[in-house]
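Residues: numbered from 1 along the sequence shown. We use all heavy atoms of the structure for the numbers below, so side chains are in, but hydrogens, waters and symmetry mates are not.
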Amino acid sequence: METNKRPNTAEGWAHLIKDQALPLLPNTSAQLITALKQTDLPFSKLAALIHRDPVACLYLIKFANQQCNNPDTEIHSPDLAISMLGMDKVRTIMKKLPTLKLNPRNIAHREYLQSICNSLHAAAQVDHMAESKPILPRELLYWSTLFAGTGYWLMWSTAPHEMRIAQYLTFEERMPMEKAQRQILGCTVLDISQHLGTMWRLPTFTQASMLEGLRPTSRQLVQLSQACPQKSEIPPSLDRNLKLMMNSLAFPTFLGNFLAMESYKNWHGRNFDRALSIYGTYMGIDHQTAYQRIRDTAIQVSAEHPIPYILLPAKHLLQIPSDISRISKPSWAGDDIPDSSKKRKANNKTTSSQATTSKARSSSSGIEDLRSKTSQQGDVDFVPKEARPRSEKHNPALDRDVPTVKLKDKRNMQMFSELTNNMLKHPERFQDIHELMNAAVQCIKYGLGLERSSASLISASGHKLVAYYTAGMMDSPKLADLVIDLKRPSIFQKLSQKPLGAWINKSNLTKLRTSIPSTLTSASQAHYFFVQSIFAKGKPVVIIYADSGARGDDFTEEDYKYFKVLCRALGHCVEHFSERKATLKKSQQINP
């Protein structure tokens, strides 16, 4: 698929992928093909085999509903679909579905299987919820939850390049998943799933489970997670609207997918803890019991669906906390995106300065550069190629001749100029302050070529500085989650009192060392950095931090100049948002 012809709406994507024939799972396709050759195949055996493959179930229910002429009848399970279609029709449908010639090195193959595995995990979690709550329609919820992820299956099968970039932004740059998908696809995958459900005439209950408007907001998620009972009962003080949301039939589907996705990202992460607490609130059980139930379900679904070459829920569960920085990346990141230490080793092995420069330029490419690469080759090659043949012995003397990569060689001036120009002249192009801050940290990393950047906000009490927007910190989780106490004297305390900027370098480090919080030094493992506070209406709004890891001591006056240019442009845009907010507030007071 050519990138320049890609749709940018959910309806457009749905029309593009609706006729795509998804392949059967590798572990069930051979058994199904063999069974379908039998003339006396029992109904129960065929149904059992089909139940093990979500793709087979999806297509049977899809075709059954499309051929059903009674508007009052909906087919919501594969058993009903087989009964309606008949064995001959089922054989015809199954034989038309392709089988996956699995290539474990193919990213699209692995992520397609992983998306199906996540849907199976979500459906299993919902099934166990319904088993414990007899008032829930168990069968309807299971199949609706399973098919709520249909958009992911089809998008990874049809548009893996776009999905890969959106996944990179979500995992590597910590951009909210829905925002990353809208930036790359023009919509969310859930929106695409909803349109597919309508086009395929999936059951009404299934289509309702795909409605994004029924999902809780971020604030409601926090409230629900905080309401997890210490004992086996829901707190009576829980907000009435939250109780109504939890009692809706769409809520279990959301919760099952939330649990499956967050456990896939990181069983030990903060977001999974939140999902776990919400599960406890919904089921009316304490935190420990909730964890045991979710864990047991993950183990069970892994045993029932042993899909090869992916991280099954139980396999992921066994990862130890020290592996989290590796696990929390998408499955392709381990192959293609090395951590910063590996990047430096790769640079040291290069035998020519020209090769070193070209690698640096390639690593500073932004989202558009990633997109252009994906349209040119099957899998994006994020790993720089070594100039020296593998068979050639390493000569340490050659490394001394390799010049250090300068930040100016990593800059993307087109991106830098475009973003700073928008901040200065067209601040209205930024939808909100969140988009603005994300653009700023992305510009520091990809436009200026610095390794890591963050935008930290001051808490409502004014006593803490919390890193909120980050770029390039996937391998630096402590720095990404940094919290600095502003009650203690430090350089950040001074920055919060008036707009200031600083470049910590070799010449001033000794003098300023005591003013640098030990938490920052420990989290960053870098002594040299840029920092700048941004004010609006005389009040601090954000503090920008940037470093280049071990290369921080190679900063130049020119690097700092560009950093200050960006910060000034950001300050201008922040002032614009502040004035716009004040104007809106004034108009509301005049016209209540």
**OP:** Could you grab the distance from atom CG of L169 to atom CE of M175, nearest 0.5 Å is fine?
**Re:** 4.5 Å
**OP:** Walk me through it: do E418 and Q414 pass the test side-chain hydrogen bond (donor to acceptor under 3.5 Å, both in side chains)?
**Re:** CA-CA 6 Å; E418 181 179 350; Q414 181 179 356; 5.2 Å; no
Original post:
Does the side chain of R293 reach to within under 4.5 Å of the side chain of Y279, using non-hydrogen atoms?
Top reply: yes
Original post:
Is any side-chain heavy atom of L419 closer than 4.5 Å to a side-chain heavy atom of Q442?
Top reply: no
**OP:** Kindly indicate whether the side chain of P78, heavy atoms from C-beta on, has any atom under 4.5 Å from the side chain of I61.
**Re:** yes
Subject >> Main-chain N/O of L202 paired with Q207 side-chain donor or acceptor, under 3.5 Å >> reply: yes
Original post:
Is the shortest heavy-atom distance from the side chain of H76 to the side chain of F205 under 4.5 Å?
Top reply: no
**OP:** Could you point out which residue of N257, T253, T206 forms a side chain to side chain donor-acceptor pair (under 3.5 Å) with T145?
**Re:** T253
**OP:** Under the side-chain contact (heavy atoms from CB on, under 4.5 Å) rule, collect the residues that match up with A10, sequence neighbours excluded.
**Re:** C187, D191, I192, H195
Subject >> D127: salt bridge (Lys or Arg N to Asp or Glu O under 4.0 Å) partners, not counting sequence neighbours >> reply: R138
**OP:** Take the angle between the ring planes of F258 and F254 and call it parallel below 30°, perpendicular above 60°, tilted in between.
**Re:** parallel
**OP:** Measure the spacing between CD1 of I93 and CG of L97 and express it to the nearest 0.5 Å.
**Re:** 8.0 Å
Original post:
Counting only heavy atoms not in K89, do more than 12 sit closer than 6.0 Å to its NZ atom?
Top reply: no
Original post:
So F147 and W153, would you call those rings parallel, tilted or perpendicular, with 30° and 60° as cut-offs?
Top reply: perpendicular
**OP:** Take S476 and R452, measure what side-chain hydrogen bond (donor to acceptor under 3.5 Å, both in side chains) needs, and give me the verdict at the end.
**Re:** CA-CA 9 Å; S476 308; R452 304 177 297 193; 2.9 Å; yes
**OP:** Return yes if some donor-acceptor pair links the side-chain N/O of S263 with the main-chain N/O of A260 below 3.5 Å, else return no.
**Re:** yes
Original post:
Side-chain contact, heavy-atom cut-off 4.5 Å: S132 with I285?
Top reply: no
Original post:
Can you list the residues that meet the ring-ring contact (aromatic ring centres under 6.0 Å, His included) rule with H15, with sequence neighbours excluded?
Top reply: none
Original post:
Looking at side-chain heavy atoms only, is the closest gap between E262 and R274 below 4.5 Å?
Top reply: no
**OP:** Mark yes or no: K96 above the aromatic ring of Y59, with NZ or CZ under 6.0 Å from the six-membered ring centre and no more than 45 degrees from the axis.
**Re:** no
**OP:** Drop me the distance from T170's OG1 to I184's CD1, to the nearest 0.5 angstrom.
**Re:** 9.5 Å
Original post:
Can you find a heavy atom in the side chain of E111 that is under 4.5 Å from one in the side chain of M163?
Top reply: no
Subject >> Test item: S119 side-chain N/O and S115 main-chain N/O as donor-acceptor pair under 3.5 Å >> reply: yes
Original post:
Hey, what do you get for NE2 (H121) to OG1 (T297), rounding to the nearest 0.5 Å?
Top reply: 7.0 Å
Original post:
Is the backbone N or O of K18 less than 3.5 Å from a side-chain atom of W200, with the two atoms forming a donor-acceptor pair by type?
Top reply: yes
Subject >> 4.5 Å side-chain heavy-atom contact, P23 and T99 >> reply: no
Original post:
Looking at CZ of R52 and SG of C57, how far apart are the two atoms once the value is rounded to the nearest 0.5 Å?
Top reply: 11.5 Å
Original post:
Just by distance, do the side chain of E139 and the backbone of S77 share a donor-acceptor pair under 3.5 Å?
Top reply: no
**OP:** Quick one: pull up CG in N438 and OH in Y468 and give me the separation to the nearest 0.5 Å.
**Re:** 9.5 Å
